[in-house]
**Student:** 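Got a structure for you, written out below as structure tokens; questions coming shortly.
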2 protein chains.
Amino acid sequence: MPHRHATASDVARLAGVSQSAVSRAFTPGASIARETRARVEDAARELGYRPNAIARSLTTRRSRIIGVAAAYLQNHFYPEVMEALSRGLHARGYHLLLFTPDAGRDADPQLQEVLSWRVDGLILASTTVSSALASECRAAGIPVLLFNRTSLGTDVSSVTGENLRGGRLIAEFLVAGGHRRLAFLAGIEASSTSRDRERGFAGWLVEHDLPPPLREVGLYDFDAACAAARRLLARPDRPDAIFCGNDHMAIAVAEVARHEFGLRIPRDLSLVGFDDTAPARWPSFSLTSFAQPLQPMVDAAVALICEMIENPAAPTRHEVVHGELVVRGSARIPPEGCVSLGDRLVWRPPRDEA
Amino acid sequence: MPHRHATASDVARLAGVSQSAVSRAFTPGASIARETRARVEDAARELGYRPNAIARSLTTRRSRIIGVAAAYLQNHFYPEVMEALSRGLHARGYHLLLFTPDAGRDADPQLQEVLSWRVDGLILASTTVSSALASECRAAGIPVLLFNRTSLGTDVSSVTGENLRGGRLIAEFLVAGGHRRLAFLAGIEASSTSRDRERGFAGWLVEHDLPPPLREVGLYDFDAACAAARRLLARPDRPDAIFCGNDHMAIAVAEVARHEFGLRIPRDLSLVGFDDTAPARWPSFSLTSFAQPLQPMVDAAVALICEMIENPAAPTRHEVVHGELVVRGSARIPPEGCVSLGDRLVWRPPRDEA
DNA sequence: TCCTGGCTTGAATGCGCATGCAAGATTCAC
DNA sequence: GTGAATCTTGCATGCGCATTCAAGCCAGGA
């Protein structure tokens with residue numbers, strides 16, 4: 001019953017041309033007479049013909065598919081990334097093969113399958129690859145791009161936000177706000193984002209002869225972050241400001257602080273997040289957060305992966321996309337340094353005119 | 001520089017067998033001697049061979065790819081659906097080609113491209129197809145499944161939650177809680193979910209000789225829902241209970257009610273949502289919401305699309321997955337009818353023992 | 001008129017794999 | 001020990017398309 005799909009040969013027969021002509025009619029820039037193309041297009045329309053992307057990929061050896069990994073879609077940040085990525089890649093003629101690795105470890109197992117599709121490139125959001133697989137990809141000429149992660153031992157290109165600077169800035173911001181009992185809520189410890197944010201945060205404090213922050217691990221998970229918040233807030237030397245590794249965890253901490261400990265934010269506790277996701281803007285949270293600008297990051301990723309596809313021999317690159325500390329109501333606001341930027345309030349260290 | 005991928009012939013040469021043997025070694029159930037398979041596997045390992053999925057698809061005429069559309073990823077519900085779908089399809093050996101149609105209209109334009117990949121099936125979440133394309137798909141033998149939507153004029157299979165019953169139940173719940181000035185916040189008016197929820201809600205009221213609810217449109221969009229909430233709450237005959245077409249909008253309404261109108265929930269205003277997404281469980285919202293059980297819905301969708309692939313001639317089906325009204329703190333709780341179910345409190349109409 | 005060069009076109013080929021077919025190898029029953 | 005049944009195997013072919021190559025066509029210059 002299911003009608004077979006029309007093939008180029010079917011169209012050729014109807015149009016009275018060769019199969020090659022049909023192929024040329026659907027290949028931009030191919031050598032074909034205007035009139036012939038029109039005849040082919042008519043016939044194609046009549047038969048409902050669309051070139052078979054699979055067959056095309058087989059001969060051209062380019063699939064025009066990008067494998068995209070996204071674990072951790074619970075974090076509002078990533079769905080938005082997916083959507084933007086999808087649009088960006090589409091605009092360049094690529095399709096998007098989605099897979100969801102298990103959170104917290106590298107994407108190897110699922111990656112293997114995706115590689116059998118001879119994807120033109122690989123974008124890994126919130127995951128990493130093993131070095132072994134990364135070099136296998138390099139040998140096979142398949143560009144790999146880490147999004148919002150970098151890889152330690154392995155030389156893989158990446159697009160990230162300013163994790164290090166963000167961490168430093170937040171330390172300075174909280175200290176400028178008068179806080180001295182600081183804490184950091186780490187995400188997944190193996191993740192470069194969590195490490196860099198912490199390194200920036202703790203590093204700035206050390207450099208300024210301030211005690212290192214308290215520390216708990218929230219695994220970038222809501223429930224784990226709640227548990228970490230309970231431990232942190234139950235301490236006799238309860239911190240008066242917490243920098244949370246991302247907004248998702250910051251919201252968890254806010255909930256626990258308010259509803260379980262009866263704390264007022266920011267009077268009793270300042271909270272700063274990272275990512276500036278949609279819920280951060282909801283008045284209930286009004287979260288001060290370091291913004292990773294989504295669209296620029298995605299644009300950079302799309303541009304970079306396309307360059308890598310065109311020139312697989314190019315050296316790896318690490319793009320860092322500039323962000324801002326967006327000031328809202330969840331953390332005490334220092335007396336100076338706030339600047340309005342567009343419709344947002346951002347914070348710049350007062351000594352710094354930049 | 002990029003090493004070419006090893007092919008079945010390369011492996012065959014190394015293993016001293018024919019290319020057919022290699023193919024059989026990678027085809028479960030094929031007729032091949034245990035020892036031959038071992039030899040092939042060794043050679044394959046040595047060369048880093050993986051069967052080329054594109055070539056395989058070309059010959060088998062099955063791509064083992066499912067096209068998945070997801071607009072509206074802002075709503076927490078859909079990222080979770082994507083993740084579950086990805087896992088479910090993966091478990092059955094399918095891959096997932098993602099595309100993101102423009103919200104609020106049918107997925108036709110992008111669908112055309114996806115069809116050129118000869119996908120084995122199509123799952124559309126929060127979108128629909130035009131009847132024209134739907135019948136084209138049927139003619140081509142490509143199963144189409146709507147997820148969380150149904151299609152009016154067109155005969156396309158679907159998996160939905162109990163939109164109609166949910167709407168009725170919520171009406172009954174709010175009336176049992178003593179409310180009389182009810183309002184409904186619609187999503188996208190063309191969407192079947194919004195229509196069905198409203199039909200259930202308003203229908204129950206009419207049947208019980210109660211006045212129809214006030215009505216505003218929030219387009220399933222946060223900002224639009226905020227604006228709708230402002231209009232609703234500024235009325236002289238302000239409603240004392242609002243049923244919001246989904247949680248995403250309910251949160252918008254909660255924010256406006258609290259932070260712009262100074263209302264207390266549920267003392268001044270009861271709020272009920274739909275979907276029971278993660279934020280509904282956050283204490284700040286503690287949203288009473290009709291749960292569309294994610295995993296059962298996704299399981300049903302995966303099972304259904306697989307059946308449709310195996311039997312393309314089967315008649316269309318409309319699966320409705322049973323849900324519950326989860327009672328939390330955002331709406332006044334009727335004196336009776338609450339039942340605890342697992343770790344949740346759900347509401348059953350008191351007269352009804354089911 | 002003849003030749004040159006630019007456009008178009010079709011035939012032929014191959015991308016990498018699965019599979020029908022027939023031949024060869026092996027096993028089993030008798 | 002023999003014939004039949006069962007397993008394995010390689011050969012050949014085709015999936016639908018892009019692309020190379022050579023041939024055909026036409027316009028323009030000599």
Side-chain angles (χ1 to χ4, degrees), chain A residues 2-41 43-44 47-65 93 115-120 140-141, chain B residues 2-41 43-44 47-65 93 115-120 140-141:
Chain A
H3 265 279
R4 274 194 46 240
H5 268 118
T7 71
S9 301
D10 298 333
V11 176
R13 207 169 307 125
L14 181 60
V17 297
S18 72
Q19 179 261 316
S20 320
V22 176
S23 169
R24 291 192 180 101
F26 284 91
T27 306
S31 162
I32 185 170
R34 171 183 295 277
E35 190 205 353
T36 310
R37 161 167 280 143
R39 279 237 303 289
V40 169
E41 283 172 352
L47 295 178
Y49 170 75
R50 310 206 95 243
N52 181 328
I54 294 181
R56 172 177 286 179
S57 300
L58 188 61
T59 56
T60 60
R61 303 152 141 276
R62 301 193 64 190
S63 62
R64 302 212 68 92
I65 288 184
L115 285 181
S116 77
W117 276 95
R118 301 299 187 261
V119 292
D120 288 343
Chain B
H3 265 281
R4 276 194 44 240
H5 267 116
T7 71
S9 301
D10 299 333
V11 176
R13 208 170 306 125
L14 180 62
V17 297
S18 72
Q19 178 261 316
S20 320
V22 176
S23 169
R24 292 192 178 103
F26 284 91
T27 306
S31 161
I32 186 170
R34 170 185 296 277
E35 191 205 353
T36 310
R37 161 168 279 145
R39 280 236 304 288
V40 169
E41 282 172 352
L47 296 179
Y49 170 75
R50 308 207 99 245
N52 181 328
I54 293 181
R56 173 177 285 179
S57 300
L58 188 60
T59 57
T60 59
R61 303 152 140 276
R62 302 194 62 190
S63 62
R64 303 212 65 94
I65 288 184
L115 285 180
S116 78
W117 276 96
R118 301 298 188 261
V119 292
D120 289 344

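Order of the sequence lines sets the chain letters (A, B, ...), proteins ahead of strands, with each chain counted from 1. Keep in mind it's a predicted model, so treat the numbers as computed, not measured.
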**Student:** Please name the pair of heavy atoms, one in A8(B) and one in V22(B), separated by the smallest distance, quoted to 0.1 Å.
**Tutor:**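 Heavy atoms of A8(B) and V22(B) come nearest at O-CG2, 3.6 Å.
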**Student:** Measure the CZ-CZ distance between R56(B) and R62(B) for me, rounded to the nearest 0.5 Å.
**Tutor:**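 Those atoms lie 12.0 Å apart.
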**Student:** Please name the pair of heavy atoms, one in L58(B) and one in L58(A), separated by the smallest distance, quoted to 0.1 Å.
**Tutor:**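 Smallest heavy-atom distance, with atoms named: CD2-CD2, 3.3 Å.
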**Student:** Going by heavy atoms closer than 4.0 Å, what residues in residues 50-64 of chain A are next to DNA chain C?
**Tutor:**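 Here the set is L58(A), T59(A), R61(A).
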**Student:** Quick one: does any side-chain atom of S116(B) pair with a main-chain N or O of R50(A) as donor and acceptor, under 3.5 Å?
**Tutor:**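 Side chain of S116(B) to backbone of R50(A): no pair is present.
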**Student:** For A140(B) and H5(A), which heavy atoms make the closest approach, and how far apart are they?
**Tutor:**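 Closest pair (atom of A140(B), atom of H5(A), distance): CB-NE2, 3.9 Å.
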**Student:** Check if the side chain of S20(B) and the base of dA18(C) share a donor-acceptor pair of N or O atoms closer than 3.5 Å.
**Tutor:**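 Side chain to base: no pair below 3.5 Å.
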**Student:** Just checking S23(A): base, sugar-phosphate only, or nothing, at a heavy-atom cut-off of under 4.0 Å?
**Tutor:**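 It contacts base atoms.
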**Student:** Given side chains that start at C-beta, do those of N52(B) and T7(B) come closer than 4.5 Å, heavy atoms only?
**Tutor:**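 Counting from C-beta outward, N52(B) and T7(B) never come under 4.5 Å.
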**Student:** With nearest nucleotides of DNA chain D determined for S9(A) and V17(B) from heavy-atom distances, which residue corresponds to the more 5′ nucleotide?
**Tutor:**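 Between the two, 5'-proximity favours V17(B).
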**Student:** Distance under 4.0 Å to a non-hydrogen atom of chain B counts as contact; along DNA chain D, which nucleotides mark the start and end?
**Tutor:**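 So the outermost contacting nucleotides come out as dT8(D) to dG16(D).
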**Student:** Ignoring hydrogens and angles, tell me if any N or O in the side chain of R64(B) forms a donor-acceptor pair with the backbone of G93(B) under 3.5 Å.
**Tutor:**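 Yes.
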**Student:** For R39(A) and dT9(C), give me the distance from atom CZ to atom C1', rounded to whole Å.
**Tutor:**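 Taking CZ of R39(A) and C1' of dT9(C), I get 12 Å after rounding.
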**Student:** Taking all non-hydrogen atoms of both residues into account, name the closest pair between S63(A) and W117(B) and its distance.
**Tutor:**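 Of all heavy-atom pairs spanning S63(A) and W117(B), the closest is O-CZ2, 3.2 Å.
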**Student:** Could you report the tightest heavy-atom contact between A6(A) and Y49(A), atom names first, then the distance?
**Tutor:**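 Smallest heavy-atom distance, with atoms named: O-CD1, 3.3 Å.
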**Student:** Under a 3.5 Å distance rule, please check whether R39(A) uses its side chain to pair with a backbone N or O of A15(A) as donor and acceptor.
**Tutor:**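 Present.
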**Student:** Near DNA chain C, which residues from residues 24-36 of chain B have a heavy atom under 4.0 Å away?
**Tutor:**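 When residues 24-36 of chain B is checked for heavy atoms under 4.0 Å from DNA chain C, the hits, listed by number, are R24(B).
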